[in-house]
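Following: one structure in structure tokens, then a few remarks.
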Amino acid sequence: MNRAHQHLASVLTEAMRNLGSAQPHVILEKPRDPSHGDVATNAALTHAKELGRAPRAVAEALVGRLALDHDLIESAEIAGPGFINFRFAVPYLHSIAARALRDADHFGESDELAGHRVLIEFVSANPSGPLNVVSARAAAVGDSLVRMFRARGATCEAEFYVNDAGNQVRLLGESVRARYETECGSPAAIPEGGYHGEYLIELARSIRQRYGDHFHNQPAEDAARELGRLAVQHFVDDQRKTLSDFGVPFDRWFFEDELRTQNAEWQALEELRRREATFEREGAVYAATSRFGDVQDWVIVTSDGRPTYFLPDVAYHLNKYDRGYDRVINILGPDHHTFSSRMKAALRALGRDPEKLEVILLQHVTLLRDGEPVKMSKRAGQLIEMRELIDETGVDAARYFFLLRRTSTPLDFDIELAKRHTQENPVYYVQYAHARIESIFRKAGIGYPAGDVDLRPLTAPEELDLLRRLRELRDVLVETTGGRDPHGMTVWLRDVATQFHKFYENCRVLTAPAELQAARLVLCRATQMALQKGLAFCGVCAPREM
RNA sequence: GCCCCCGUAGCUCAGAAGGAUAGAGCGAGAGUUUCCUAAACUCUGCGUCGGAGGUUCGAGUCCUCUCGGGGGUACCA
């Protein structure tokens, strides 16, 4: 919370107590209608009953008792049924610009979440092919969330879980071997349920170039295993590179194989058994998740003795819990909607706090080209890869587009729109505001302003409204991290850009009298810092020229 | 059948923890450059918040039911 809000909260609480409220509960909100001021409270309405007086009477008594600091709050007005509306004082608004220049690269940041440890797992695509566009959305959302949590002082780590063990990897190895054998001149069929993507042909070809007929002369099983390992290595490297080019670094790549070599999945099974959270039916072992809040039970060991993916997953989450995070967040695709209740039930069964685990279900991405859907099918091998998308639209447009909708909403991503350099494209609107500011400084030719400028000449509505917007960055961070959805940042960025463009049209900088010009240059610089920060949270660059 | 997500302007979507007359962008129409980048700005029209009940001072927001759209529902990962 910032200074003005803190002040209001304490002054209001104090006044409520004076009026006889036992436990004042003050809520401050931003009125929808800007003519209602900057901050409003409904305290008079919510406490009318307790105080035995009409809401408006309570409001009047309250306002009469408020010891307002007029450097922060200019006025308090009673409105409607008993709302009290406050307006920021101009000196307070001015202090926001000064602060932006002082804080510079750290503008909007805070230490509210200091000591709070958050783990966000996202993308975690199988190492069986290149990343697709759904992974791209997850990457954009996850990485932005990480950046935003850090800006609030939390210790936040990004993790990618690699399923490099189990049945799918075996199938991958056999599929690669089939392609490899075909390259060697003895055509082989892709196994049932195997991978048909054409990228495996290229991979098999490059493996043969490097290793010759080495695997051709091996027993099929050994060859498949080793080729599987090579394929995993190749795709993990490829995915890492793609994500890195997308501006998405991970703090840790967690390999399922690590868990398996430590027998972690069997230890998890033992612990489930010890806590009597398993049962057997028709030769298979089930986790009795329905007794712990899930709608059904799940097989964890098949009747032929293989663990299903769920068991190592439980082991993995025990591992995360043991690492001591306050929050364990997973960003998953919509096909994993059963994951949350299943894993929480398992954790509850194991005596862990299921509330620490949070699952964000990211809805689908429909790729369009001028309004026409682009078909994606991994099985058929005609997938649109994340790589192609980035190469075609550029990182900035792609990352911004992925944040343009709430995570719970399916996203239509029109490639042609993202490429277009017109006003239909929302990325450029924001970037343009930043470039325009830079251009003012370029023309002025005096470098960036220092913070110790008299800002009192800033009195125009466009100037004050712009300052109001800049102040909101912290609120936006609270909202995006709290709601686990970075989308709100794009809304705010657009609003800042709009407000700046209005200012730009109505308040000329370079032709203004010296003192006004100096103050406006500070405002421009503050806006630039805000835009840079906001865009950086989205993983989008702030160009100096366009 | 069961589970998850979504129904708000012509289109795409915002709407904090329940608040005041429900907002943007795009599209459509009309304007604005002797002036710091017109990738901009200004003005105009646009709504039974899918429907019905309920909770209360007050509901787009919470609860129940219902209709519609999308996705998922393996001893696969």
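Order of the sequence lines fixes the chain letters, A, B, ..., with proteins taken first and strands second; residue numbering starts at 1 for each chain. From a predicted model like this one, the values you see are computed outputs, not experimental measurements.
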Could you tell me whether [X] contacts a base, only the sugar-phosphate backbone, or nothing, with contacts defined as non-hydrogen atoms closer than 4.0 Å?
X        : answer
A:Glu282 : base
A:Val509 : base
A:Ile27  : base
A:Thr46  : base
A:Ala444 : nothing
A:His36  : base
A:Ala48  : nothing
A:Gln296 : nothing
A:Ala40  : base
A:Asn167 : sugar-phosphate
A:Asp164 : nothing
A:Leu404 : nothing
A:Phe310 : nothing

Out of [options], which nucleotide sits closest to the side chain of [X]?
X        : options             : result
A:Ser408 : B:C6, B:C36, B:G72  : B:C6
A:His501 : B:C41, B:A77, B:C75 : B:C41
A:Pro334 : B:G71, B:A14, B:A77 : B:G71
A:Thr498 : B:C4, B:G7, B:C41   : B:C41
A:Leu45  : B:G71, B:C57, B:C35 : B:C57
A:His337 : B:C41, B:C36, B:G72 : B:G72
A:Glu256 : B:A20, B:A77, B:C75 : B:A77
A:Glu479 : B:C4, B:A14, B:A16  : B:A16

Note: [X]-[Y] ion pair, threshold 4.0 Å (strictly below):
X        : Y        : value
A:Arg177 : A:Glu174 : no
A:Arg468 : A:Asp38  : yes
A:Arg474 : A:Glu112 : no
A:Glu416 : A:Lys419 : yes
A:Glu472 : A:Lys30  : yes

Atom [atom1] of [X] to atom [atom2] of [N]: distance rounded to whole Å?
X        : N     : atom1 : atom2 : value
A:Leu332 : B:A77 : CG    : P     : 16 Å
A:Glu505 : B:G31 : CD    : P     : 18 Å
A:Arg405 : B:A14 : CZ    : P     : 6 Å
A:Asp485 : B:G15 : CG    : P     : 8 Å
A:Arg494 : B:G15 : CZ    : P     : 11 Å
A:Trp298 : B:C75 : CH2   : C1'   : 12 Å
A:Tyr161 : B:A77 : OH    : P     : 11 Å
A:Phe83  : B:C57 : CZ    : P     : 15 Å

Same-atom distance ([atom1]) from [N] to [M], integer angstrom:
N     : M     : atom1 : answer
B:C62 : B:A20 : P     : 15 Å
B:C49 : B:U32 : P     : 39 Å
B:G19 : B:A59 : P     : 11 Å
B:G45 : B:A9  : C1'   : 11 Å
B:G15 : B:G23 : C1'   : 7 Å
B:A14 : B:U34 : C1'   : 41 Å
B:G31 : B:G58 : P     : 49 Å
B:U44 : B:G7  : P     : 29 Å

Partner nucleotide, any strand, of [N] [Watson-Crick/G-U, under 3.5 Å]:
N     : value
B:C2  : B:G72
B:A24 : B:U12
B:U48 : none
B:G58 : none
B:G7  : B:C67
B:A40 : B:U32

Can you check whether [X] has a side-chain N or O nearer than 4.0 Å to OP1 or OP2 of [N]?
X        : N     : answer
A:Arg306 : B:C76 : yes
A:Tyr429 : B:A24 : no
A:Arg406 : B:A14 : yes
A:Thr308 : B:C75 : no
A:Arg342 : B:C3  : no
A:Thr409 : B:A14 : yes

Identify whether NZ of Lys or CZ of Arg in [X] sits under 6.0 Å from the centre of the six-membered ring of [Y] and within 45° of that ring's axis.
X        : Y        : value
A:Arg436 : A:Phe500 : no
A:Arg281 : A:Tyr286 : yes
A:Arg348 : A:Phe292 : no
A:Arg342 : A:Phe310 : yes

Fill in: Crowding at CZ, A:Arg544 (>12 non-hydrogen neighbours, <6.0 Å)
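Not buried by this count: 12 neighbours or fewer within 6.0 Å.
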
Discussion item. Please classify B:U12 as syn or anti, treating any glycosidic angle within 90° of 0 as syn.
Written reply: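 B:U12: anti glycosidic orientation.
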
Worksheet item: Which sits closer to the 5' end of RNA chain B, A:Asp335 or A:Ala284, going by the nucleotide each is nearest to?
Response: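 Result of the comparison: A:Asp335.
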
Worksheet item: Starting at the 5' end of RNA chain B, which residue's closest nucleotide do you reach first, A:Ile440 or A:Leu411?
Response: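 Mapping each residue to its closest nucleotide by heavy atoms, the 5'-most match is A:Leu411.
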
